[in-house]
Amino acid sequence: MVFEHFLHGGDYNPEQWLDRPDILEKDAALMKEAHVNCVSVGIFAWSHLEPEEGVYDFDWLSNIIDRLYQNGIYTVLATPSGAKPIWMSHKYPEIRRFSRNMTRELTGGRHNHCYSSPVYREKVRQMDTALAERFSRHPGVLLWHISNEFGGECFCPLCQEEFRQWLRERYGTLDALNKAWWTDFWSHRYTDWSQIEPPVPQGENDVHGLNLDWKRFVTARTADFVRMERDAVKAVNPELPVTINMMGDYAGLDYFRFRDLVDIVSWDSYPSWGRDADEEAVGQVTAFAHDLMRSIRREPFLLMESTPSATNWQAISKLKRPGVHMLAEMQAVAHGANSVQYFQWRKSRGSSEKLHGAVVDHYGESDTRVFREVAEVGRRLEGLDGVLATCPMPETAIIYDWENRWAVEDARGPRNSGLHYLDTVKDFHGAFWRLGIPTDVIDMTCDLSPYKLVIAPMIYLLRPGFAQRLRSFVEQGGTVLCTYWSGVVNESDLCWLGGMPGDGLMELFGLRSEEIDGLYDGQTNRLVPQEDFLPGRSYQLRELCELVHCTTARALAVYGEDFYRGMPALTVNPYGKGRAYYLAARGERKLLEDLAAALAGDLGLRPSLDAILPQGVTAIRRSGNPDVIFLQNFTGATQSLRLRRDYWNYESGAPLPRQLTLSPYQVLLIKE
């Protein structure tokens, strides 16, 4: 989905200022001054939209949307289901969630409604339909913003019964469920569907299949609620697109299950900028989240929220250094964002977000550092219309799978102090990011055919069919790098019998895993290369060291210490037309960087920019006509690099010198 221009704006809450028409009038003028062309409206406005049951008041919203449109500002219109009005909560207590202690929550907060409640679903459907009938064909309304940051779970009797029904549909019979969950352990076999309860602290927590299926159910129930809202607004005008604002690698929901429910992915990004003098570490984990969001539909996404200055909910409310705001927002664009939106436009005067960053603070004027930096981003975006139809199109993918994450984090052993699955995935992503080689972040259900290289860290749980598709990918010429703690359990969290990695992966990697050694914090081993594949003499290993026996694989490196000294630590196995690598231990950053560089060289993976990038400087290419390369300096120091070929400044059209200098936090747009 491509808009005519980059969207620039943010969350706007005019319902908080209805008694101040002077402020509402001034907002439109300030938005134009800040080069804002789009705002999100109505996210938490239900109590103004329906002040009493069945009485809708949309006139104030109509006036706002009209005023914005008359000033050249579009509206992303939200459905208000993320925060129900108090009158509804008290009249219909069943719409309030049960918490994990199995008691109904009181009124307050947000995201505390039950997704199974027929009453709440009907109230939301009625509201969404009424909003769509009034506004979905307004020329100023650009997009539906369904609810807000979906998340959380409900343990009420309605949700428990829905869970049992979901299990009936998944397993068919109790015998099949008992087998999948291995309930003969501790004599926890179910003999009636009514006996099944969700995993809560005072109940069952040791049946891993139950824990995993509950998380799957929470995603399925949330997705069903999204579908209900989408269908309500689409029934009135099917042409107006729909999005939900996701939250990066948020643990609670499998976002790949929402890709067919939305027309465009959007997400809310709140990195902890300013932790160090350089911003490389924060930039890398933020790049991972951008790539994950883009990869859900493998197309441009929207940055729906970011802070123009500081947050008020993180441990430290650190201001962005001068230049970091431009760096942060252009990084999102580099990775495929077609918008830069903020939370929030104007600071609330009271309650929990009154000190959260905003474009307009309590001072209320435009002569502030934050306002000037926001306006600078807006001006720059206005010159980038040609970038809109482009998108990073990586030849490398990294597997990050929510179901696998849930299972890994629920496992008992081999390191209950931390297996660090998500960190490991991000470490591999960072190795390619620092080389300027773009990567997609996909799950086990995604198509592998667009890629030359697939990195599969710690694929502990194998989802149905994935192992076969991975074998086919390599057989047809692809390259895969897998790691320790892979192929341990099936989709029901049952261990594979007959050797690991299971489901045919022993054949793919040409080895068998016998044991895995969990190292105490501070203990290390060494990976010692045996061939020229890696340039280093040795690399430090920590936390997990797997003991494998090669069958058809060849050892590229071995362990340097302990009783398994000399055993394979890195292997390669030819398989069909491709190759399968296996890294048997968690390694230091240098090891992953050298592995990434070696694989990229062997496979001819094209870096985004033909240059050796200094530490803290990276580049990413948005492919299109023309390609646009974003060169980004994440350090607070001036950096120099030498270009190996001729490039031009995309924005000015001027040729670039071969010896290039980047100022602190600079982002330079380049074309070939």
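Below, each value reflects all heavy atoms present in this structure, side chains not excepted, and no hydrogens, waters or symmetry copies. For this chain, numbers begin at 1 and follow the sequence in order.
Under the 4.0 Å criterion applied to side-chain N and carboxylate O atoms, K426 and D423 are not assigned as salt-bridge partners. Taking 4.0 Å as the cut-off between side-chain N and carboxylate O, D594 and K590 count as a salt-bridged pair. Between R294 and E299 there is no salt bridge, since none of the side-chain N atoms of the basic residue sits less than 4.0 Å from a carboxylate O of the acidic one. Using a 4.0 Å cut-off between charged side-chain N and carboxylate O, R20 and D27 make no salt bridge. Salt-bridge formation is not detected for the pair R372/D367: no Lys NZ or Arg NE/NH1/NH2 atom is positioned less than 4.0 Å from an Asp or Glu carboxylate oxygen. The existence of a salt bridge linking E409 and K215 is excluded, since no basic side-chain nitrogen approaches an acidic carboxylate oxygen closer than 4.0 Å. Using a 4.0 Å cut-off between a side-chain N of Lys or Arg and a carboxylate O of Asp or Glu, E153 and R97 do not qualify as a salt bridge.
In this model, a donor atom of one side chain and an acceptor atom of the other lie less than 3.5 Å apart for D291 and H429. Residues H420 and E543 bring a donor and an acceptor atom of their side chains to less than 3.5 Å of each other. No donor-acceptor contact under 3.5 angstrom links the side chains of Q344 and H356, judged on distance only. Checking K84 against H113 by side-chain atom types alone, no donor-acceptor pair falls below 3.5 Å. Side-chain contact annotation: S147 with S81, donor-acceptor N/O pair under 3.5 Å present. Using modelled atom types and a 3.5 Å distance limit, the side chains of E305 and S269 yield no donor-acceptor pair. One side chain, E33 or S366, offers a donor N or O that lies under 3.5 Å from an acceptor on the other. In this structure, a donor-acceptor pair under 3.5 Å is present between the side chains of E229 and T79. With 3.5 Å as the limit, one finds no donor-acceptor pair spanning the side chains of T635 and E280. With hydrogens and angles left out, the side-chain atoms of N211 and N205 include no donor and acceptor closer than 3.5 Å. In the model, R622 has a side-chain atom that pairs as donor or acceptor with a side-chain atom of T390 under 3.5 Å.
Annotation: side-chain contact (heavy atoms from CB on, under 4.5 Å) contacts of K354 (sequence neighbours excluded): none. Evaluation of the ring-ring contact (aromatic ring centres under 6.0 Å, His included) rule for W214 yields F155, F163, F217 as partners, not counting sequence neighbours.
No donor-acceptor distance shorter than 3.5 angstrom exists from the side chain of S40 to the backbone of D11, with no hydrogens or angles considered. Checked by atom type and distance alone, the side chain of D401 never pairs as donor or acceptor with a backbone atom of I459 at under 3.5 Å. Checking side-chain atoms of T439 against main-chain N and O of A397 turns up no donor-acceptor pair under 3.5 Å. Side chain of D410 to backbone of L212: no donor-acceptor contact under 3.5 angstrom is found. Between the side chain of S339 and the backbone N or O of L302, no donor-acceptor pair lies under 3.5 Å. Under a 3.5 Å cut-off, the side chain of H111 and the backbone N or O of N148 do form a donor-acceptor pair. Checking side-chain atoms of R346 against main-chain N and O of N13 turns up no donor-acceptor pair under 3.5 Å. Within the 3.5 Å criterion, the main-chain N or O of A585 finds no donor-acceptor partner in the side chain of R542. Panel note: side chain N404, backbone L461; a donor-acceptor pair is recorded below 3.5 Å.
Here the CZ atom belonging to R621 is positioned 10.0 Å from the CD1 atom belonging to I670, to the nearest 0.5 angstrom. Atom OG of S309 is separated from atom CZ of F371 by 13.5 Å, given to the nearest 0.5 angstrom. Atom CG of L30 sits about 7.0 Å away from atom CD of E365, to the nearest 0.5 Å. Atoms CH2 and CD1, from W267 and I296 in turn, are 10.5 Å apart once rounded to the nearest 0.5 Å.
Heavy-atom minimum distance, D443 versus R259: OD1-NH1, 4.5 Å. Nearest heavy atoms, A83 versus F44: CB-CD2, 3.6 Å. Listed here is the closest heavy atom pair of N338 and P300: ND2-CB, 3.4 Å. In terms of heavy atoms, V667 sits closest to R380 at O-NH2, 2.7 Å. Taking all atoms of both residues into account, the shortest heavy-atom contact from T396 to P438 is CB-O, 4.1 Å. Closest non-hydrogen pair, T243 versus S266, comes out as OG1-OG, 3.0 Å.
Partner of M330 under the side-chain contact (heavy atoms from CB on, under 4.5 Å) criterion, chosen from L668, V340, L384: L384. Shown are D427, N525, T483; of these, the side chain to side chain donor-acceptor pair (under 3.5 Å) with R586 is made only by D427.
Between L662 and L631 the shortest side-chain heavy-atom distance falls below 4.5 Å.
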Under the salt bridge (charged side-chain N to carboxylate O under 4.0 Å, His left out) rule, what do E149 and R110 come out as? Steps first, then yes or no, please. CA-CA 10 Å; E149 294 183 337; R110 59 176 185 164; 3.5 Å; yes
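Aromatic pair W433/F288: ring centres not closer than 6.0 Å. Between H8 and F6, the gap from one ring centroid to the other reaches at least 6.0 Å. Side-chain rings of F343 and W345 stay apart, their centers remaining 6.0 Å or farther from each other.
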